[in-house]
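A short worksheet on the structure shown next.
Within every chain, numbering begins at 1; the chains are lettered A, B, ... in the order of the sequence lines, protein sequences first and strands thereafter.
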Amino acid sequence: MSWRSLSRTRRIELAMPWLVTIGMLVVWEVGVIAFKVPSFILPGPVEVWQALVRFNGPIWQHAGHTLFTTVLGFAFAVVFGVLLGVAIGSSRLVYNGLYPVLIGFNSVPKVAVVPVLVVWFGIGTVPAVITAFMISFFPIVVNVATGLATVEPELSDVLRSLGARRRDILLKVGLPRAMPYLFASLKVAITLAFVGSVISETVASNEGIGYLMIQASSRFQIPLVFAGLVVIAVLGIVMYVLFALVERRFTGWAMRGTQSATVTTGS
Amino acid sequence: MTHPFVHLHSVSLTYAGAEGGSGTLALDGCTMGVGRGEFVAVVGPSGCGKSSLMKLVTGLVPPSRGSIEVANAEVTGPLKIVGMAFQNPTLLPWRTTLQNVMLPLEIVEPHRSRLNRDKAAYVERAKALLATVGLAGFEEKPPYQLSGGMQQRASLCRSLIHEPDLLMLDEPFGALDAFTREELWGVLQEVWMERRFTCILVTHDLREAVYLADRVLVMSNRPGRIVSEHTVSLPRPRTLETTFSKEFVEITHRLRDEISRVRKGLDPVAAAPEQAA
Ligand SMILES: Nc1ncnc2c1ncn2[C@@H]1O[C@H](COP(=O)(O)OP(=O)(O)OP(=O)(O)O)[C@@H](O)[C@H]1O
Ligand SMILES: [Mg+2]
C-alpha cells in the first residue's frame, strides 16, 4: 500500500494525528513566546526538546527502567486478569462473590496504597510493579468476564448439541468470543499501567521517569520535568499502537463492523 | 414398529416469562414417535413450537412435563449422537467455513481423538461435503462473506460431517431459491438413503416435507402438539418428476387444507357431527 495509491481523504485521515500534534506544539511555543512565560513555569517545546537532548543519557536509562516496571506489572495483570475474568465470566457463583469486592478494590486510589507497599517491600521496583499491576488489572478482568458472560446462547447451543463438555464450550466458543474484549482492554490497561508505575516512582523510588521528574522539579529544572512527561506520553502511545496492531491481527472477524468492546476505568 | 428410536410422551414446555409475567406455553401434551432410520417431517403454523420441539429432543431444553426418550434412554441433557442444523446458521464468526464444518469432529468421539492423526483425510471429507452443496471454493472464507443461503448450506454440512445417528434439521433450506432448494432435496435424500440415519425435518414447505419424508406430522397452533400424521409411501429415490405425480399432489393438498384449518384453531379434519356441538 503506497502513499500515492491512497485516496485524498484517506491521506488526510492518516496525516491528521501528526498535523494536530504539530499544530499543538506550534500554538504552545508561540504562546510561551508571546506572553513571555518564564521557563520555570512553562517551558516551550523547543526548550523541552533541548532538555531531552541534553539529558538524553539519564532519560534513556530511567525510561528503560519505567518501561520494564510497567511491562512487568502489566504482564502480571494480563495473566491474573484473564484467569479471574474467566472464573467470573463463567460462573455465577464466583461472579456474585467477587464482583463487589473488585469494585471496592478498584475504587481505592492507588497513590494511597503505595506507602503501604513501601512498608512491606521497601523503596524501589517492587512497589512500582505492584501499582502498575493493580491499576491495569481491573479493566482486563471486567472485559474478559463481559465477553464470556455475553456469549450468544445460540453459539453455545451449537456445541452443547454435540454433547460438548463445559471445558470444550469455554475453549471453542467462550474464549474466542472474549478475545476482542480482551484486546480492547489491553490497549487501555497498558496506558493505565504507565500511570501506576510512574505514580509509585514519584513517591517511592530512586529510579525511573517518575523519580527523574521529582528530582528535576525539586531543582527547578522544569524543562526536564516536561521532557519526562513527553517520554511517558510517547511510551504510552507506542505501546497502545503495538496492542492495536495485535488486536487487528487476531480479531479481524470482530472488526469488520463497528462493534468494538471496551470498558474503561479511571485511575 | 417396535419401540421407537425417538419417543415423546405428552411433553409440555413452558418458557419462563419476564419477571412477574406469566410464561409462554410452547408445547402442550405433545406425543410422537420416530422409528430408527425413519425420515419424519414436522409441519405447522409459525410459532407453534417446532423449533422448541427440536431443542427438546436434543436435550438442549428440559421439558416442563412429560418425558422424552432417545435410543431407549431418557433424555436428561444434551445428546452425543445428534447432528443439528438450527433455524439460524449460527456459524462461529472467528472460524473459516471449513473450520466451522469441521467443528463437530473436534468434539465428537471417535473423530476427536483421530482428528490430529488423520487431519488430511478429514479435511478432504469436509471439502467433498461442501462441494455437494455447491460451496466448493468457499472453504477459506469467513461466514460473514457468505450469503444467508450459503451459510445455511454450510450449517447443513456441519450437522452431517460426523455422521450422526440422529439428524435434526430446522428449516435448513428456508433461505434458498426454489432451484437450489430442489437440488438440495436430492442431495439430502441421497445422503440419507446411503446412511439411513434417523432424521427429523422441520419445514414450512409442504412439497419439501412430502418429497423427503416417510411420514409427515402436522402440529397445531401454539401450544403445539401433533394433531395428524400422513404416511408417504412414494417409492425412492424420489425425483422432481415424483412431485408432479397424482399421489404427491394429493398429499400436499390435504396437508395444506389441514394446516389452514389448524391455523384458525380448528380441528385438522372437518369435524364429525357429534364433535361439532
Ligand atoms: N427462548 C424463548 N423464551 C421465551 N419464549 C420462547 C423462546 N423460544 C420460543 N419461545 C416462544 O415459544 C413459542 C414457540 O416458538 P418456536 O421457536 O418453537 O416456534 P416455531 O414453530 O419454530 O416457529 P417458526 O416456524 O416461526 O420458526 C413462540 O410463541 C415463542 O414466542
Ligand atoms: Mg422455528
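- Environment of CZ in B/Arg196: crowded, with over 12 heavy atoms of neighbouring residues, nucleotides or ligands closer than 6.0 Å.
- More than 12 heavy atoms of other residues, nucleotides or ligands sit less than 6.0 Å from atom OH of B/Tyr15.
- Counting non-hydrogen atoms of neighbouring residues, nucleotides and ligands closer than 6.0 angstrom, the CG atom of A/Asn96 exceeds 12 such neighbours.
- B/Pro142 does not touch chain A: none of its heavy atoms, backbone or side chain, sits under 4.5 Å away.
- Nearest heavy atoms, A/Lys172 versus B/Trp94: O-CZ2, 3.4 Å.
- For A/Arg165, the part sitting under 4.5 Å from any heavy atom of chain B is the side chain, from C-beta outward, and nothing else.
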Practice task
Would you check, one step at a time, whether the test side chain to side chain contact (heavy atoms under 4.5 Å, CB included) holds for B/Thr90 with A/Asp157?
Solution key: CA-CA 9 Å; B/Thr90 58; A/Asp157 272 358; over 6 Å; no
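- Only the backbone of B/Leu91 has a heavy atom closer than 4.5 Å to any heavy atom of chain A.
- The distance from atom OG of A/Ser161 to atom CE of B/Met54, rounded to the nearest 0.5 Å, is 11.0 Å.
- The only option from B/Thr58, B/Leu60, B/Ile107 that meets the side-chain contact (heavy atoms from CB on, under 4.5 Å) definition with A/Arg160 turns out to be B/Leu60.
- For the set A/Met179, A/Arg177, A/Glu152, the entry with the most heavy-atom pairs within less than 4.5 Å of chain B is A/Arg177.
- Only the backbone of B/Leu79 comes within contact range of chain A, with at least one heavy atom under 4.5 Å from a heavy atom of that chain.
- Heavy-atom contacts from other residues, nucleotides or ligands closer than 6.0 Å to CZ of A/Phe243 number more than 12.
- Summarising the local packing, OH of A/Tyr240 is surrounded by 12 or fewer heavy atoms from other residues, nucleotides or ligands at distances under 6.0 Å.
- Counting heavy-atom neighbours within 6.0 Å of B/His204 NE2, excluding the residue itself, gives a total above 12.
- Contact annotation for A/Asp168: only side-chain heavy atoms (C-beta onward) come within less than 4.5 Å of a heavy atom of chain B.
- Contacts between B/Val108 and chain A at a heavy-atom distance below 4.5 Å involve the side chain alone, from C-beta outward.
- Around the CZ atom of B/Arg65, the shell of radius 6.0 Å holds no more than 12 heavy atoms that belong to other residues, nucleotides or ligands.
- The distance from atom CG of A/Leu162 to atom CZ of B/Arg158, rounded to the nearest 0.5 Å, is 7.5 Å.
- Counting non-hydrogen atoms of neighbouring residues, nucleotides and ligands closer than 6.0 angstrom, the CG atom of A/Leu93 reaches no more than 12 such neighbours.
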